[in-house]
A.B. asks: 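For reference, the structure I am asking about is given below.
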Amino acid sequence: MPATTRPATDTVLTLIFAISAAHLLNDTIQALLPSIYPILKNSYQLSFTQLGLITFTFQLTASLLQPLVGVITDRKPLPYALPVGMTLTLIGLISLANAGSFPAILISAAMIGTGSAVFHPEASRIAFMAAGKRRGLAQSVFQVGGNAGSAIGPLMAALVIVPHGQHSIIAFSAVALLGVVILSFIGRWQSKNFHRMKPKVKAGGSHTVYPRKTVALALAVLVALTFSKYVYLSSLTSYYTFYLIDRFHISVQSSQYYLFLLLAAVAVGTIAGGPIGDRIGRKRVIWASILGVAPFSLLLPHVGLGMTAALSVVIGLVLASAFSAILVYAQELLPGKVGMIAGLFFGLAFGIAGIGSAVLGKVADMHGINFVFQICAFLPLIGILTVFLPDVETDKD
């Protein structure tokens, strides 16, 4: 059946896997930035605070622009924005490979963040368009591509960049170019399939059955849960290698393999959250994925290397399902605003992680990296706020 005549309720798995593959390429590139922090720290004599500022610059750029991109494309679709965003990421990557100073590194991080700001809300829209009735599955497959890329990034850094230095980052420009090609084909599909988006709510009407105060409370809770998840993940992704090196005295290269193990667990866990949410409800998944991590996060700072690796895998598996459930929950709470919701929550995820990374870097400079992991262990307890979320029913028609 031609793409333009397929019913909007059909699930187009080819497109879902294609956008997931593009997400993998995009996030592989982005994961190179924190993965080379040990190299940058030694080469430019950077403090933990400066490393936190690099993450802050990247994440804040993405967080400020993503909601704006989502609002603009809700009003006027831009099907070829995706390859443009990947091109910006490519420019930032080349700039990072040739950066010779801390300000130049910050500019490169900002450029990569801008590419991310364009990519994530529009790519999430593609997943929504291609999902049909299987929105949870679509978001999980889309998210697992990004998480797989985040896991591959440190591995590639360990195999390529650590042995050959900062300038070897330029080799990954081929990854970005492949992403531009894939996203160009996806943009062509999008331009022919806007009928698959539900019409926006007209003035004076509404698809949501919840009072405005209930919606506002639910969104506030979702923001708090996103804060819990991403500040905790920021402590792991930005400082996990330093924690392992400081506490267990392992090599930089070995620490990258442990980081790969953690992020691979996140990638595997992500794929389960959406389909399970389709079956049992988003709220139950959110309960289990955030609050359920607390016993493991509280134990993590007090065990040996082997148990640290094991607990990190469990934490990654359990926590990973939260974001897909939160995003689809919010999209069902406010139908007709797919781009805005995607941009808002991707932006929150990036911004919260960036601010958290900067603050945690300062704390690490003042009190040590071990203290950072001890205080962050309590963050998943914020998951108790899930009790205030209404039970959103998915459209079954």
A.B. asks: For the pair S95 (side chain) and I91 (backbone), establish whether a donor and an acceptor sit closer than 3.5 Å, ignoring hydrogens and angles.
C.D. replies: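 Not confirmed, S95 side chain does not pair with I91 backbone.
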A.B. asks: May I ask you to check whether S312 and Y240 show a side-chain donor-acceptor distance below 3.5 Å?
C.D. replies: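 Y240 and S312 do have a side-chain donor-acceptor pair below 3.5 Å.
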A.B. asks: Check residues 292-305 and write down every donor-acceptor pair under 3.5 Å in which the side-chain atom is one partner and the other belongs to a residue at least two apart or another chain.
C.D. replies:
unit_1, atom_1, unit_2, atom_2, d
S297, OG, A294, O, 3.0
S297, OG, A377, O, 2.7

A.B. asks: Would you give the length of the straight line joining atom CG of D27 to atom CG of L32, rounded to the nearest 0.5 angstrom?
C.D. replies: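 Atom-to-atom, D27:CG and L32:CG are 10.5 Å apart.
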A.B. asks: So how far is it from D365 CG to L360 CG, rounded to the nearest 0.5 Å?
C.D. replies: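 So the gap between those two atoms works out to 11.5 Å.
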A.B. asks: Under the rule for side-chain contact (heavy atoms from CB on, under 4.5 Å), what residues qualify as partners of A288, not counting sequence neighbours?
C.D. replies: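 Partners of A288 by the side-chain contact (heavy atoms from CB on, under 4.5 Å) criterion come out as none, since no residue qualifies.
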A.B. asks: With side chains defined as the heavy atoms from C-beta onward, is the minimum distance between L82 and V118 less than 4.5 Å?
C.D. replies: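 They are not in contact (no side-chain heavy atoms under 4.5 Å apart), so the answer is no.
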A.B. asks: Among all residues two or more places apart in sequence or in another chain, which pass the ring pair (Phe, Tyr, Trp, His ring centres under 6.0 Å) test with Y243?
C.D. replies: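 If we apply the ring pair (Phe, Tyr, Trp, His ring centres under 6.0 Å) test to Y243, skipping adjacent residues, the hits are F373.
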A.B. asks: What distance do L333 atom CG and L219 atom CG have between them, rounded to the nearest 0.5 Å?
C.D. replies: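 If I round to the nearest 0.5 Å, the distance is 5.5 Å.
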A.B. asks: Mind jotting down which residue pairs meet the ring pair (Phe, Tyr, Trp, His ring centres under 6.0 Å) criterion with at least one end in residues 167-186? Sequence neighbours excluded, please.
C.D. replies: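 Ring pair (Phe, Tyr, Trp, His ring centres under 6.0 Å) check on residues 167-186 returns no pairs.
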A.B. asks: What residues form a ring pair (Phe, Tyr, Trp, His ring centres under 6.0 Å) with H164, not counting sequence neighbours?
C.D. replies: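 So H164 forms no ring pair (Phe, Tyr, Trp, His ring centres under 6.0 Å) with any residue.
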A.B. asks: Is it true that, when you exclude R284 itself, more than 12 heavy atoms of the residues, nucleotides or ligands shown sit nearer than 6.0 Å to its CZ?
C.D. replies: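 No.
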A.B. asks: Taking ring pair (Phe, Tyr, Trp, His ring centres under 6.0 Å) as the definition, give me every residue that meets it alongside F242, ordered by chain and number, with sequence neighbours left out.
C.D. replies: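 Counting only residues at least two positions away or on another chain, F242 forms a ring pair (Phe, Tyr, Trp, His ring centres under 6.0 Å) with F48.
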A.B. asks: Are more than 12 heavy atoms, taken from residues, nucleotides or ligands other than K362, located less than 6.0 Å from that residue's NZ atom?
C.D. replies: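 No, because the 6.0 Å sphere around NZ of K362 holds 12 heavy atoms or fewer from other groups.
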